[in-house]
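Here is the structure we will look at.
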Protein chains: 2
Amino acid sequence: MTASAVPRQTLTRLPVYARVLDDLVRRGVGTASSVELAAAAGVEPAQLRRDLSHLGSYGKRGVGYDVAELRAHVRGALGVGRRRGVVVVGVGNLGRAVASYAGLVPRGFEVVALVDVDPEVVGTTVAGVEVADLAELSRLVVERDVSLAVLTVPGGAAQDALDAVAASGVRSVLSFAPRALSVPDGVALRSVDVAAELQILSYYLPPA
Amino acid sequence: MTASAVPRQTLTRLPVYARVLDDLVRRGVGTASSVELAAAAGVEPAQLRRDLSHLGSYGKRGVGYDVAELRAHVRGALGVGRRRGVVVVGVGNLGRAVASYAGLVPRGFEVVALVDVDPEVVGTTVAGVEVADLAELSRLVVERDVSLAVLTVPGGAAQDALDAVAASGVRSVLSFAPRALSVPDGVALRSVDVAAELQILSYYLPPA
DNA sequence: GTTTGTGAACCGATTCACAGCA
DNA sequence: TGCTGTGAATCGGTTCACAAAC
């Protein structure tokens, strides 16, 4: 089962499974069935079994899954455990929040560079990292072994930021900008738009 | 075409269309074809036409869509334009970033309440709003007409926060907590997990 | 001629349901 | 017996392709 054979939707659930398995390992649970794992992950058992089948055949019929073994395989598929250098582009409120977010370190993500274009911000230190000018991006990516970028820039600056990040050699980008972005070849982009999420939720509110 | 007939996936694209239409109105464009709109939104023309067809039939064959009219219908479906009170639960770095996020106001979202459990934080003012104790939540929801909640609490506190928010009468919730949450009846929940997004992106990185 | 709106075909993902293995 | 892994059925959503409308 090659890596590229993992369906997109399955891929989005693997981090959830990884978290559930982390919990079970921490609690010393040795074995778990698809029913138990699915309940903890908030999905259907059949879906979880199908998802895991894309990684290989690691369960035992009549028994369930060995928690530690399965965890190793899920982590392996996601590349968890390997250190991943992250650059945060745009050091406003959101950029500072991402840079300070404690949830990244236990997953192997290390914010090793911050860049901005505002001279007021460049030179300041956030979460122990000095903010550099955007012009330094390419150098920092190489020197600090950056493999992921988080864009926390205003919408109007997002396309330029994405292009700059791509030119610097980073191939995986998470954007918080409320914009449809044209994605350079070979770059994987995921987007989060907080206002859009709230608008989607608004749909369900009473129109009154 | 009733409101509940809008498919989930279409719903997630409506905010994108709304933004594109905002731009066109601002630039004084009167009419646009599905090809033009789709290009700006980053989707296929057929998909855009299908999506819009769920809202009604607002295009003119041989001409395209009247930008202002279509915008009004898309906004209407999402309830944009109506003021929406928002409470931010958990005033850490991320909560402060959300409370200060300028992108919410133009979409009609107004952060009118902040709550936390930490006595160090309660009483401070963020983005012009005083942080209240979580115990005040129900009162604030009523007094300030809150219809949406954003959960920016640590993972371990998320389920309790969600339950408290639901008990206070808020029915639409956006969570940033890295947890699978059990959703109370009648509540719409959307989740954003930054570390999970980075893990998904990690999948595409070279394993070396 | 141009472009919408939509049946119909297609596609990927979910769920069912059970054969196969522990 | 109990539970996985997976064919087969199903479902929702996307894309095709064209008749209808302008």
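In what follows, chains are A, B, ... by sequence order, proteins preceding strands, each numbered from 1.
- Within residues 13-32 of chain A, no residue has any heavy atom under 4.0 Å from DNA chain D.
- With A:V91 as the fixed residue, the side chain to side chain contact (heavy atoms under 4.5 Å, CB included) test singles out one of A:V98, A:D118, A:V115, A:V126: A:V126.
- Between the CZ atom of A:R8 and the P atom of D:dG12 there is a distance of 21 Å, rounded to whole Å.
- Counted by atom type alone, B:D51 and B:Q47 present zero donor-acceptor pairs between their side chains at under 3.5 Å.
- Going from atom NE2 of B:H54 over to atom P of C:dT6 covers 10 Å, rounded to whole Å.
- Of the two residues contacting DNA chain C, namely B:L52 and B:G62, the nearest-nucleotide position lying further toward the 5' end is that of B:G62.
- Whole-Å rounding puts the A:K60 NZ to C:dC21 P distance at 15 Å.
- As a whole-Å value, the separation of A:E44 CD from C:dT14 C1' is 10 Å.
- In terms of polar N and O atoms assigned as donor or acceptor, the side chain of B:R61 never comes within less than 3.5 Å of the base of C:dG1 in a complementary pairing.
- OP1 and OP2 of C:dT3 both lie 4.0 Å or more from every side-chain N or O belonging to B:S34.
- Tested against B:Y17, the residues B:L37, B:L48, B:L55 include a single side chain to side chain contact (heavy atoms under 4.5 Å, CB included) partner, B:L48.
- Rounded to an integer number of Å, the gap from A:R50 CZ to C:dC16 P is 12 Å.
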Query - Trace of the salt bridge (Lys or Arg N to Asp or Glu O under 4.0 Å) decision for B:R71 with B:D22 - result: CA-CA 7 Å; B:R71 175 166 175 266; B:D22 285 346; 2.6 Å; yes
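- Applying the 6.0 Å contact sphere to CZ of B:R83 captures more than 12 heavy atoms from other residues, nucleotides or ligands.
- Looking only at distances, no side-chain donor or acceptor of B:R49 sits under 3.5 Å from a matching main-chain atom of B:S34.
- Rounded to whole angstrom, the span from the CG atom of B:D51 across to the P atom of C:dG5 amounts to 12 Å.
- Which of C:dG7, D:dG5, D:dG13 sits closest to the side chain of A:S53 comes down to D:dG5.
- The side chain of B:R49 lies closest to C:dT4, out of C:dT4, C:dC16, C:dA22.
- The phosphate of D:dT14 has OP1 or OP2 within less than 4.0 Å of a side-chain N or O from B:Q47.
- With A:S191 contributing its side chain and A:L174 its backbone, the two residues share no donor-acceptor pair below 3.5 Å.
- Regarding contacts with the backbone of D:dG5, a side-chain N or O of A:Y65 is found under 4.0 angstrom from either OP1 or OP2.
- At the phosphate of D:dC3, neither OP1 nor OP2 sits under 4.0 Å from any side-chain N or O atom of A:S33.
- What separates CG of A:L11 from P of C:dG12 is a distance of 16 Å, to the nearest Å.
- Atom OH of A:Y58 is separated from atom C1' of C:dA22 by 19 Å (rounded to the nearest Å).
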